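A short write-up of the structure that comes next.
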Number of protein chains: 2
Amino acid sequence: MSKSSDDDKPHLAGKVVTISDVSVEAGVSITTVSRVLRGDTKLSIREETRERIFAAVKKLNYAPNPAARSLRTSKSMAIAIILPEAENPAYAPIIRGAQSAAVENGYSLLVSYCGENQTADEIYRNLALNLRVDGLLVTTSQSEDEEILMPDAAGVPTVLVNRRTKAQSSFVIVDDSAGARLAVEHLISLGHRRIAHLSGPLTHYNSAQRVKGYTTALKEAGIDPDPALIVESGYLAADGRTSTQKLLNSCEPLPTAIFCNSLLVAAATVTVCRDNGLKVPDDMSIVSLHDGTIAELIYPPLSTVRYDLFEMGRQATFSLLDLIGGDGSEKKQTVLAPVEFIKRESSTVPRQVSVQLKR
Amino acid sequence: MSKSSDDDKPHLAGKVVTISDVSVEAGVSITTVSRVLRGDTKLSIREETRERIFAAVKKLNYAPNPAARSLRTSKSMAIAIILPEAENPAYAPIIRGAQSAAVENGYSLLVSYCGENQTADEIYRNLALNLRVDGLLVTTSQSEDEEILMPDAAGVPTVLVNRRTKAQSSFVIVDDSAGARLAVEHLISLGHRRIAHLSGPLTHYNSAQRVKGYTTALKEAGIDPDPALIVESGYLAADGRTSTQKLLNSCEPLPTAIFCNSLLVAAATVTVCRDNGLKVPDDMSIVSLHDGTIAELIYPPLSTVRYDLFEMGRQATFSLLDLIGGDGSEKKQTVLAPVEFIKRESSTVPRQVSVQLKR
DNA sequence: CTGAAAGCGCTAACAC
DNA sequence: GTGTTAGCGCTTTCAG
């Protein structure tokens, strides 16, 4: 008998109150309740009646069943954000931003990590077909234009977050070129002329933009960009380690400053420089894109270009909701400006005599 | 005409294929399709028929409508994880762990941040009543036993993650007492006798356990715990800063080592020690609970006790699914062991002469 | 201005 | 072994 869980632990079944209960309690029809509760426009109801309905709702502790509503309206009121497997702390504020914007509009946010054993195809298919989310926020698939098109192709409104492709999709990005300029111009103003850049894969739009901003800033200062000073890295600490070491090993003379593409990479760069006997910032200035808690926790504290990642998540969600609510013509491509350059202690004027590595 | 979005952009409506389409295509009844697709046990169907059904599903690209299924079964196949507002990186692996376990079992994971403007009450209510999630993973409400009981009281299966209360709820925690012992014993083995502890609020179960482990380890080594060496802190970098400064200001003689309750706090402690002219680890050894990327990015790299937070998220989810699937009798209280102590460079033998702060 | 009734797509008795 | 049928709770024409 303890097995007939239907009666023992009703959970949310059985005692659940439906719209019909409310209509009985309020002495009106189901239709009226539904209309009042959804705030139906073109509805002129007696104030007294509407109050009676709200009273009944409150008394019975009623909440509409989302599954029933969803079945009827073909909208799940859920969106999903697809994230790479990576531990990059930059995603946390994006998620929080997206979540806040979603709930403000009555939507739920599903998180979905793009695991090893799933192709982008499978993920989109699962989210769109199986879960029937109303829209997708995509932070993965940086380079593969084809893949990124799929959700749109699958008919699910999609906006790219911190990504863009050549395709006509909605996206929200930060102007990485401007971000890179901010960082590099700071270094130049300090007197640096030999500035290296640890970039992401150059096939990624973001990384290409950063390289562009970096190059432009150098040229504007009359400095000829040295290809040897750009090393293609990833976005994580491990990437930063290997690429910094590579830079230090292969570069002659050494740069006096390094501009890194992410906090994690920059933190790793500081570490590797120190391991190689280079003092930061005296022997090597280091600046980074993004900003976050760890910028102030490492030593020396990192000079960074702050991006408002929380806002990016919010904006992306707003664009997505527009897309969902609209007729498909409201594709929006938002480019946020980097917030500011934050000078901390990882950057300073270059030494007069350039340092040499003991090899 | 471009406004009649029903026809222009069918999205997922109109061209959507239902179980009935499949049944027609396969030449069987709807019931049969449903049974085959759900892998109904006690079903003996001709192999040829079942294949015909699967072929039809594939051909039509059919996926069951979760809303319809949900409406019928009163299960949403969604669980939610409730997180504090905090930026603590420790939550990332928990989320990923929970998400992986959820999808493995056909569930979706909703994330919900406990914002300023929402009481725990509202959150539980929203999740349970409005969204009808099947279960809740709660990482908030560390001290308020009452609040934490609410979801259970509201009839939604709940498991606490990295939290526990006196109440009879399911939870998954790491043995914080053992974790603290690992850290403190390491320090003792190095020769430290005056060891401080930056703890979380003592009303929190976790923090109390850590203090207990800390105290026990000291006593076992014949060291009398000095209450002045325990300072109540929070879990974030800012908390670590203020509490470390407080410790350094108020303590005479200074401790030779500090045991911190979280990575962020430890990182901040290192910073503050340095700002006060203390060399880490020579003047001050620092060890921390948890482990994560930043442990190796700060200087000096942090000695830590590693917790498997990803696994904690997974275990919690499994317990939750048990709870959801069961009759309510499967409350499970899981205590994970800390994985290991990781010796890095932030801890070493104490100096012979204890340091003095220049005040 | 309000109500009756027809489903949305699916599952689960209950028949045959 | 397989099919019929009655809803799950809601929205939404269409009547009145």
Side-chain angles (χ1 to χ4, degrees), chain A residues 6 10-50 52-53 57 60-77 106 129-132 134, chain B residues 6 10-53 56-57 60-77 106 129-132 134:
Chain A
D6 261 19
H11 173 194
L12 275 180
K15 63 184 259 185
V16 130
V17 18
T18 74
I19 195 171
S20 138
D21 300 329
V22 176
S23 76
V24 170
E25 174 74 26
V28 292
S29 80
I30 289 180
T31 317
T32 308
V33 176
S34 172
R35 287 204 272 242
V36 167
L37 258 37
R38 278 176 305 110
D40 197 327
T41 47
K42 62 181 188 262
L43 169 74
S44 31
I45 200 173
R46 277 211 308 282
E47 191 52 37
E48 187 255 333
T49 316
R50 103 184 282 112
R52 205 143 30 87
I53 290 172
V57 166
L60 299 177
N61 203 20
Y62 168 76
N65 182 323
R69 183 173 272 183
S70 181
L71 180 56
R72 194 53 237 251
T73 60
S74 300
K75 308 194 88 295
S76 66
M77 295 306 278
L129 261 76
N130 294 47
L131 299 179
R132 307 282 166 104
D134 294 334
Chain B
D6 262 19
H11 173 196
L12 275 179
K15 62 183 258 185
V16 130
V17 18
T18 75
I19 194 171
S20 140
D21 299 329
V22 176
S23 75
V24 170
E25 174 73 26
V28 292
S29 80
I30 290 179
T31 317
T32 307
V33 176
S34 173
R35 287 203 273 239
V36 167
L37 257 36
R38 277 177 304 112
D40 197 328
T41 46
K42 64 178 187 270
L43 168 73
S44 30
I45 199 173
R46 277 210 307 282
E47 191 54 36
E48 186 254 332
T49 316
R50 103 186 281 113
E51 271 167 20
R52 204 142 31 88
I53 290 172
V57 165
L60 299 177
N61 202 21
Y62 168 76
N65 181 323
R69 182 175 273 182
S70 182
L71 180 57
R72 191 58 237 251
T73 60
S74 301
K75 308 192 90 294
S76 66
M77 296 307 276
L129 259 75
N130 294 42
L131 298 179
R132 308 282 166 103
D134 294 334

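The model shown is predicted, which means the values in this text are computed figures rather than measured ones. Naming: A, B, ... by sequence-line order, numbering from 1 per chain.
A:Ile19 places a side-chain heavy atom less than 4.5 Å from the side chain of A:Ser34. Put simply, the side chain of B:Asn65 does not reach to within 4.5 Å of the side chain of B:Thr18, judged on heavy atoms. Side-chain contact between B:Arg69 and B:Arg72 is absent, with no heavy-atom pair separated by less than 4.5 Å.
Of all nucleotides listed (D:dG9, D:dT2, C:dC10), C:dC10 comes nearest to the side chain of B:Asn65.
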Are there any protein N/O atoms within less than 3.5 Å of an N/O atom in nucleotides 3-7 of chain D, and if so, which ones and at what distance?
from: D:dG3; atom 1: OP2; to: B:Ser29; atom 2: N; distance (Å): 2.6
from: D:dG3; atom 1: OP2; to: B:Ser29; atom 2: OG; distance (Å): 3.1
from: D:dG3; atom 1: OP2; to: B:Thr32; atom 2: OG1; distance (Å): 3.0
from: D:dG3; atom 1: N7; to: B:Arg35; atom 2: NH2; distance (Å): 3.3
from: D:dG3; atom 1: O6; to: B:Arg35; atom 2: NH1; distance (Å): 3.2
from: D:dG3; atom 1: O6; to: B:Arg35; atom 2: NH2; distance (Å): 3.2
from: D:dT4; atom 1: O4; to: B:Thr31; atom 2: OG1; distance (Å): 2.6
from: D:dG7; atom 1: N2; to: B:Arg72; atom 2: NE; distance (Å): 3.4
from: D:dG7; atom 1: N2; to: B:Arg72; atom 2: NH1; distance (Å): 2.9

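Counted by atom type alone, A:Thr31 and A:Arg35 present zero donor-acceptor pairs between their side chains at under 3.5 Å. Judged purely by distance below 3.5 Å, without hydrogens or angles, the side chains of A:Ser29 and A:Thr32 pair a donor atom with an acceptor atom.
For the pair A:Ile53 CD1 and C:dG3 C1', the computed distance is 12 Å after rounding to whole Å. Nucleotide C:dC10 holds its C1' atom 20 Å from the CZ atom of A:Arg69, rounded to whole Å.
Listed pair B:Thr49 / D:dT2 meets the phosphate criterion, a side-chain N or O lying under 4.0 Å from OP1 or OP2. Taking side-chain N and O atoms only, A:Arg38 has a distance below 4.0 Å to OP1 or OP2 of D:dT12.
Within the 3.5 Å criterion, the main-chain N or O of A:Ala26 finds a donor-acceptor partner in the side chain of A:Arg52.
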